[in-house]
Each structure stands twice: as C-alpha cells, then as structure tokens.
Amino acid sequence: MIRYFSSNFSHLILLIGIFIMIIPVWLIFASSTHTALIINTQGLQFFLGDKFLENYTKVLLYEGGFFKEITVLKMFLNSFLMATGVAFLSVISSLMTAYVLVYFRVKYATLLFWIIFITILVPLELRIFPTYSVMSTLNLVNSYWGLIIPISASAIATLFFRQFYKTIPDELLESAKLDGANTWRFFIDFLVPLSKTMIVAMFIFMFVFGYNQYLWPILVTSSEQYWTVVMGLKMMSGSIVNKFAFVIMSMIPPVLIIIVLQKYFIKGIFQDK
Amino acid sequence: MSFLELNKVTKIYPNGTKAVHETSMNVENGEFMVFVGPSGCGKSTLLRMIAGLEDITEGYINLDGILINKVDPSDRDVAMVFQNYALYPHMNVYNNLAYGLKNRGISKEDIEKKVNEAAKLLQISEYLQRKPSMLSGGQRQRVAMGRAIVRNPKIFLFDEPLSNLDAKLRIQMRLEIKKLQQKVGVTSIFVTHDQVEAMTLADRLAVINNGLIEQLGTPIEIYNNPKSMFVAGFIGSPQMNFLEGELINKTLTSEGFEINNVTSDFNGPVILGIRPEHMSQTDKGLINLSVDLVEQLGSDNLIYGEIKNKKDFCFRCPGSQIIKKGSKLSLNINDNNYYVFDKSNGNRVN
Ligand SMILES: Nc1ncnc2c1ncn2[C@@H]1O[C@H](COP(=O)(O)OP(=O)(O)O)[C@@H](O)[C@H]1O
Ligand SMILES: [Mg+2]
C-alpha cells in the first residue's frame with residue numbers, strides 16, 4: 001500500500017517535471033504553425049495553426065548571412081559534421097587515454113589523470129585566445145577541423161572510461177596475454193567491446209556537447225559557409241514564426257540521437273548488466 | 001635436462017616483499033606437480049613467474065630447453081586456469097576457446113575442429129553459444145579448462161581453480177582434472193592450499209612455506225617421511241598431534257610416557273609427532289586419553305581428548321568402534337610410526 005502510494009507520488013512529481021519542461025517547447029511549436037501576424041498581435045499560441053508546411057519549408061530553404069552563402073540545410077549539415085566529429089574524436093581519445101593511464105606502467109599515472117581532470121575547471125571559453133592562436137598557427141581557422149579539434153578531448157569521458165577499466169579484473173588481461181593478445185588486441189578485442197554501452201553514452205554526450213557549441217564556432221569561422229545551427233539561430237533574420245520553426249527543428253538532431261540510442265545511454269551511465 | 005627447470009628463482013616485489021627465495025626444482029615432461037602451502041606462502045607468485053605474469057627478480061627458468069626469463073607470456077606457450085576463471089564475459093563459450101587459437105593464426109576450419117574436440121572432451125558442447133554469465137560454476141570451470149586444453153600448450157598452470165566451487169563439485173572436478181591430465185598428458189602445475197587436493201592430484205608435490213620449498217616428493221613420501229614439523233603438520237588430515245618432550249640418550253620422555261630406542265643421536269628438547277590414524281586401542285598402552293569429544297564421520301570416528309597437559313589430542317578409529325564422551329582410552333603407537341622434531345628449528349631428527 002505504501003509502495004503503491006509512493007510510486008504514484010513519484011509519478012506525479014515526474015509528470016510535473018515533464019510538464020514544466022515541455023510547455024515552453026510546445027508553445028514555440030504551436031506558435032510556429034501560425035502566421036507572423038497572429039503571433040505579433042495575439043502573442044504565443046497554445047493551439048496548432050495551419051501554416052506548418054509553409055513556415056517549415058521556408059526555413060529549410062532560407063539563405064542566411066550577409067553574403068547569402070549558407071542555407072539552413074547547410075547549417076544542419078555543418079552542425080552534424082561538427083557534433084559527430086567531436087563525438088568520435090572525444091570517444092576515441094578518451095578511450096585511449098584511459099587505456100594508457102590504467103594499463104601502462106606510466107609513472108605518476110594518477111597525478112597525470114588529475115591534471116587532465118583539472119581541465120574541466122578550465123573550459124574552452126577561458127582559454128579561447130591561446131586556443132585560437134594555436135588553430136591559426138596550424139592554419140585551421142575556417143575549417144571543419146578547426147571547429148572540431150579543440151573540443152575533442154574530454155576529461156569527463158576519460159574519467160568514465162578510467163573508472164570502468166579499473167573495475168575490470170586483472171585476470172582478464174593476464175588471461176588474454178597468455179592467449180597471445182598484444183597491447184593493441186587487448187584494446188580492440190576486450191576493452192572496446194566491454195565498454196560498448198559506455199562508448200555509446202559518451203558518444204551521445206559529446207554529440208550534444210558539440211552540437212551546442214556557440215562561442216567557439218563564432219570565433220574560429222569568419223566564412224559564412226561554416227555556420228552551424230546554433231550560430232544560425234542567433235544570426236537569422238526573418239519573421240518570428242520562421243525563427244520559431246528553426247528553433248524547433250534545431251532540437252531534432254540531439255533528440256533523435258538520444259531516442260535512438262537511449263537504451264545504451266542509460267546502461268552506459270549506470271553500468272547495470 | 002628436465003622439461004621445466006627452476007634455478008634459484010627469487011621474487012622480490014617492488015614494495016620489498018620477498019615472496020619467493022632461491023627456489024630450485026625440476027618438473028618432468030607429463031608430470032603433475034602440485035604446489036601446496038598456506039595462504040601467502042608464495043605459491044601463486046612462483047606460478048605467475050612461470051607464466052610470465054611476474055618478472056623474475058633473480059634466477060632462471062627453463063621451459064622445454066629454452067630460457068624464458070625474458071620471453072613474453074604470449075610467446076611462452078603456457079596456459080593458465082585462474083581461481084575466478086577469468087572467462088571473457090563478452091564472448092560466447094566458443095569464442096572463449098577459440099580466441100587463443102585465432103591469435104596464433106590458425107585456420108578457421110582447424111579452430112572449429114579443435115574447439116569442438118575440446119568441448120566434447122569437457123562435455124560443454126551444448127553450451128558453446130552461451131555467454132559465461134549464463135553458466136553455472138562447474139560449467140565455467142570446464143570452459144576455463146577448455147580454454148587451456150584447446151591450445152595444446154607446453155604446460156598447464158592452475159591457480160587454485162577449485163576453490164570457488166562447493167565441496168561436492170570440488171571433489172568431482174578434482175577427479176576430472178586428474179583424469180583429463182592423464183588423458184592429454186600435458187605437464188601441469190597445480191597450486192592449492194588444500195592438502196587433500198594436493199595429495200590426490202599430485203604425481204609429486206612441493207610443500208611451500210614462507211617462500212621456500214620445505215619438501216619435494218611424491219605424496220606418499222611426504223606423508224610417510226615429512227622432513228620438518230611444518231610439513232608434518234600441513235600434510236595429513238586430521239592434523240598430526242604434536243607433544244612437547246625431551247630426548248636424552250635415545251629415550252624420549254613426553255606427557256607422562258616414555259619411548260625407548262629412538263633412532264636418533266639428538267639430545268635436547270624435541271616435539272613428538274603422532275598421526276591420529278597411527279594409533280590403536282589396547283589394554284595397557286603408552287598413552288592415556290580421556291575423551292572430550294567424538295566426531296562420527298561414518299567410516300571413521302575422530303576422538304578428541306586430553307592426555308596429561310595436552311588438550312585436543314586426536315585419535316582416529318574405525319566408525320564401528322563405539323566410544324563415549326568421558327571414557328578413558330589406552331593407546332599404542334602402531335609400528336613405531338612417530339616423528340621426532342628438534343624443538344628449536346622444527347627439523348626432523350629421527
Ligand atoms: N603484487 C604484489 N605486491 C606486493 N606483494 C605481493 C604482491 N602479490 C603478492 N604479494 C605478497 O607476496 C606473498 C606471496 O603471495 P602469493 O604468491 O599470492 O601467495 P599464495 O598464492 O601462496 O597465497 C604474500 O605475502 C603477498 O602479500
Ligand atoms: Mg594464491
């Protein structure tokens with residue numbers, strides 16, 4: 001009886017939470033299906049209008065920027081490239097960093113790890129000038145690599161992989177060694193498949209992180225053709241309903257990736273078998 | 001030249017722990033060698049040095065005529081079964097067995113043949129597609145054995161592989177390991193702290209204490225002729241009784257009785273060792289035991305009691321003999337089956 005009550009109660013709290021989070025999104029979505037006139041005169045709308053197709057097609061083909069070098073479609077492509085690149089590189093780099101820290105006889109491995117971890121306290125925004133100067137020396141300003149590389153080393157992901165590796169019993173490595181697995185094979189045949197769910201979780205994490213970047217892309221690209229969705233949101237001119245439609249569309253990629261991979265995401269974060 | 005030769009092998013861990021001291025021994029081809037000793041005596045360390053999982057601080061190890069000190073574990077051609085099996089959790093049983101073969105570049109058809117053979121031998125054929133998490137303890141044990149057998153290595157190394165099984169299964173697997181080893185004839189080293197396991201499995205066994213081999217020999221040699229008090233106390237169940245005494249001019253005085261014509265020139269304080277099964281009841285015996293406790297095992301009775309100053313003295317008699325708590329027994333030692341140890345260092349002196 002108590003159990004029943006408390007489960008109902010927690011559901012109630014969850015429902016309230018969902019409600020609070022979903023309402024603004026719904027308002028924007030509903031409003032994005034009306035004409036600009038209605039929004040401007042009557043404010044945000046709670047119910048759907050009939051201009052869905054019209055508004056959304058217009059946005060997709062919208063040419064942004066001063067030089068009209070970019071369409072919203074291209075922005076999505078840029079964002080996708082950037083987010084995927086960041087996710088791939090951070091997962092690979094932190095998988096390998098954790099491997100080295102845990103399995104190689106590195107002197108002061110713990111100290112090194114904490115130094116890496118401290119970088120969490122120094123986000124990109126704080127080190128943006130030195131980072132820019134490095135990118136510019138490497139001639140990577142105005143390129144996809146310039147967008148991706150500086151945010152592709154994740155201390156958090158390294159932490160997750162490191163903690164996970166530390167729970168793997170030594171006998172597994174020893175057994176693999178006796179079975180003829182070298183350093184590389186142990187990584188590929190054991191650590192990677194064993195951390196599969198965590199890899200997916202970190203991939204999602206870093207994808208969303210990369211997708212949401214704003215300040216860095218603005219700084220490192222001057223050419224309009226590298227605009228991302230988040231930059232476009234800010235820069236876009238046009239009617240209010242089109243902006244709303246763009247906001248809604250901009251949510252789709254991260255939401256989609258979470259829905260598709262959520263099974264792994266939960267497993268990876270909480271490591272239940 | 002022996003198949004496996006250890007020459008003054010020493011292990012000192014980075015933190016300064018000296019786990020193995022100048023150990024030398026030879027293991028012959030096809031032999032089943034058991035390392036037995038209490039926990040922490042260095043058995044695993046010795047085994048792991050043979051496997052290549054620990055560096056050898058000093059000394060040499062030769063396997064099949066090759067000095068392996070610096071040979072990588074993957075190139076030593078040894079197989080090891082671990083206490084917790086160390087199965088690959090993400091691979092099914094088939095791939096657990098096949099993995100070592102794949103790494104050795106064996107063709108797919110040959111791998112399949114070898115895996116199926118090993119699986120049949122171990123009766124795990126029907127589980128080949130299962131993940132280790134879906135197997136019982138005994139089945140996992142078999143898979144671990146299969147992984148060792150399938151590679152047909154130069155030597156099997158077992159590190160207390162049975163200690164995670166329940167008592168009944170342990171006895172069954174013990175038997176199977178022995179049969180299997182005799183069938184495939186691969187040289188084996190088996191580490192255990194269980195002396196019954198050691199006695200039943202070994203062709204020869206090494207009793208290890210504090211990083212040193214105290215005695216090396218066949219189980220029966222060691223049981224009949226322990227060289228030290230430690231070995232005498234460790235091998236044999238229930239444990240040998242130890243009584244304080246004094247040996248002067250071949251006459252041993254202890255806890256209210258005397259033994260004459262002891263075959264020893266030693267004079268001084270000694271420890272007298274008598275195995276519980278080496279005594280029998282008579283009318284006017286040497287030892288008078290007042291019974292405190294009777295353990296009936298069915299086939300045998302274990303009688304515990306007091307003789308003069310010594311408590312918990314154990315005597316073993318056939319289960320058919322009915323002995324009551326509180327009764328007094330008179331015991332004789334059969335056929336001079338007693339052991340005399342120098343009290344100062346535990347060395348055998350008779
Ligand atoms: N990695 C290690 N570092 C330091 N000391 C160790 C290590 N492994 C084992 N020892 C020590 O070496 C001794 C022998 O250990 P071990 O060979 O595991 O004993 P056994 O297998 O006989 O129980 C013990 O005193 C143990 O504490
Ligand atoms: Mg051990």
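Proteins get letters first, then strands, A, B, ... in listed order; numbering begins at 1 in each. Model, not experiment: these values are computed from the prediction.
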**Message:** Counting neighbours of CZ on A:Phe80 that are heavy atoms of other residues, nucleotides or ligands and sit closer than 6.0 Å, is the number greater than 12?
**Reply:** no
**Message:** Using side-chain heavy atoms (C-beta onward) and a distance below 4.5 Å, is A:Ser175 in contact with B:Arg147?
**Reply:** yes
**Message:** Are there residues of residues 53-66 of chain B whose heavy atoms fall under 4.5 Å of chain A's heavy atoms? If so, which?
**Reply:** B:Leu53, B:Asp55
**Message:** A side-chain contact here means heavy atoms from C-beta on lying under 4.5 Å apart; do A:Asn182 and B:Ser74 qualify?
**Reply:** no
**Prompt:** Under 4.5 Å between any side-chain heavy atoms of A:Leu178 and B:Pro153, yes or no?
**Reply:** no
**Over 12 non-hydrogen atoms of neighbours within 6.0 angstrom of OH in A:Tyr108** = no
**Request:** Please look at A:Asp189 and chain B and tell me whether the side chain, the backbone, both or neither of the residue comes under 4.5 angstrom of a heavy atom of that chain.
**Result:** both
**Message:** Can you tell me if A:Phe88 has over 12 outside heavy atoms packed within less than 6.0 Å of its CZ?
**Reply:** no
**Fill in**
Applying a strict 4.5 Å limit to non-hydrogen atoms, the region of B:Leu101 in contact with chain A is neither
**Prompt:** Which atom pair, heavy atoms only, marks the closest approach of A:Leu172 to B:Ala86?
**Reply:** CD1-O, 4.1 Å
**Fill in**
Closest non-hydrogen contact found for B:Asn103 with A:Ala181 is ND2-N, 3.6 Å
**Asked** Looking at side-chain heavy atoms only, is the closest gap between B:Tyr88 and A:Asp179 below 4.5 Å?
**Response** yes
**Item:** B:Asn84, part contacting chain A, at a heavy-atom distance under 4.5 Å
**Value:** side chain
**Prompt:** Does the side chain of A:Glu171 reach to within under 4.5 Å of the side chain of B:Tyr85, using non-hydrogen atoms?
**Reply:** no
**Asked** Where on B:Arg48 is there a heavy atom nearer than 4.5 Å to chain A: the side chain, the backbone, both, or neither?
**Response** side chain
